[in-house]
Amino acid sequence: MITVRHLNKTFHDGQKPLTVLRDVNCEIRKGEVISIIGPSGTGKSTFLRCLNRLEEPTAGQIEIDGDDILAPDADVRRLRQKMGMVFQNFNLFEHLTIIDNITLAPRNLLGLSKADAEKRALELLEMVGLGEKAGSLPNELSGGQKQRVAIARCLAMNPQIILFDEPTSALDPTMVSEVLAVIRQLASQGMTMAIVSHEMQFVRDVSTRVFFMNDGIIYEEGTPEQIFDNPQKNATKSFINRIRTLEFRLKDRHFDLYDMFGQVQRFCSKYGLGEKIFGKIQHVIEEMTSEIMPFDTAVSVVIDYSEKNGTLTMTFTQENYTAADGIIAGADADNVSLMLVGGLCSEMTEPVPGTVRILFNA
Ligand code: ADP
Ligand code: MG
């Protein structure tokens with residue numbers, strides 16, 4: 001249905017040219033639900049906007065049903081009718097009622113009569129659960145309701161494909177699911193869609209294929225299982241697992257413990273780890289650095305938090321560790337510090353002598 005070859009987009013409006021899409025290649029077939037994920041600033045929005053020519057590509061080809069949409073004589077209006085787009089911020093006309101928002105384009109562009117357009121609009125409003133809001137104004141609706149109206153408005157043009165650009169990221173968290181439910185319903189009806197989203201569970205459930213965009217290309221693509229459970233490339237892995245890392249190198253036992261706690265606290269609050277886990281981390285650091293690690297030379301401490309798995313790992317490494325038996329194995333059986341740390345965490349191991357790994361389920 002859509003074929004993209006060697007798509008490039010370079011912006012020239014800044015001080016120096018900025019290449020956002022370097023070489024994007026893909027095919028989207030009828031009935032597919034493609035999710036596009038990736039770090040922000042990697043060109044996901046630009047890619048969608050190039051597909052319906054809200055943005056002019058710098059180079060490359062885009063074919064839709066065999067028509068070259070970048071040809072000088074391409075009918076951009078007809079193209080946009082085939083491709084609906086739903087934006088982050090709804091883009092409803094604030095001075096028009098909900099039903100007028102929906103009927104405007106079908107009446108003007110498809111030539112539908114007022115009665116036909118309204119009949120269809122009401123059906124669509126019913127479908128998105130808002131049959132009673134036809135006469136309301138947008139500012140009487142919640143964000144989630146506005147976004148459902150925006151979807152109904154898009155459907156009113158009978159598009160062959162709908163492009164969604166982060167449809168839930170401007171919403172209050174309580175309203176995300178009502179919008180995702182509508183998109184899920186469209187997916188189950190076989191609507192062809194391309195969806196940029198950060199809602200990973202949703203992406204996993206709804207997509208036929210996932211594109212991971214990174215650095216201006218489709219860096220890795222696959223089924224949801226391939227991308228989420230078995231990503232092949234490093235950048236995909238770290239994006240999917242969203243591993244957050246905080247590292248320290250402590251030269252000797254007289255390091256600044258309170259500065260370290262401050263950094264750990266900021267790390268915890270940044271990633272939504274509560275006071276309870278922060279308290280445990282503090283205890284573990286105290287015991288490990290005062291009693292357990294030998295500190296013959298420097299000790300490194302790495303804290304990894306995987307948002308996906310909800311696990312937090314602390315790795316303490318004694319640099320230049322030479323003893324063969326290991327820190328845990330070599331300790332006395334009644335070492336109180338070790339018992340304390342063992343009681344705080346869910347698992348404590350020493351994969352190589354001198355490196356102690358402590359795992360929490362956050
Ligand atoms: P994403 O949607 O993946 O977050 P975008 O496609 O919005 O990424 O943006 C990619 C990059 O292109 C960003 O660095 C952004 O600042 C830049 N960009 C987007 N639109 C324009 C524009 N109209 N002019 C100049 N730079 C732009
Ligand atoms: Mg974007």
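Numbering of ligands and ligand atoms starts at 1, following listing order. Values reported hereafter were calculated over all heavy atoms of this structure, with side chains retained and with hydrogens, waters and symmetry mates removed.
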Which atoms from ligand 1 have a heavy atom of S40 less than 4.0 Å away? 4 (O)
List ligand 1 atoms under 4.0 Å from T46, heavy atoms only on the residue side. 5 (P), 6 (O), 9 (O)
Below 2.8 Å of the Mg ion (ligand 2), tally up the protein N/O/S atoms for me. 1
Does the pair R204/E225 count as a salt bridge with the N-to-O cut at 4.0 Å? no
Closer than 4.0 angstrom, basic N to acidic O: yes or no for R357 and E350? no
Would atom 25 (C) of ligand 1 count as contacted, meaning some protein heavy atom under 4.0 Å? yes
Polar atom proximity, G43 to ligand 1 (N or O, under 3.5 Å): yes
Polar contact flag for F11 and ligand 1 (N/O pairs, less than 3.5 Å): no
In terms of heavy-atom contacts, does NZ of K233 have more than 12 from other residues, nucleotides or ligands at under 6.0 Å? yes
When you look at CD of E132, are more than 12 heavy atoms from neighbouring residues, nucleotides or ligands closer to it than 6.0 Å? no
How are the rings of F255 and F295 set to each other: parallel, tilted or perpendicular (split at 30° and 60°)? parallel
Test log, rule salt bridge (charged side-chain N to carboxylate O under 4.0 Å, His left out), inputs R22 and D215: CA-CA 8 Å; R22 281 196 289 136; D215 216 9; 3.7 Å; yes
Checking N241 side chain against K237 main chain: does a donor-acceptor pair fall under 3.5 Å? yes
Say whether, by atom type as modelled, one donor and one acceptor occur between the side chain of D165 and the main chain of F87 under 3.5 angstrom. no
Atom 11 (C) of ligand 1: nearest protein contact (heavy atom, Å): V20 CG2, 3.6 Å
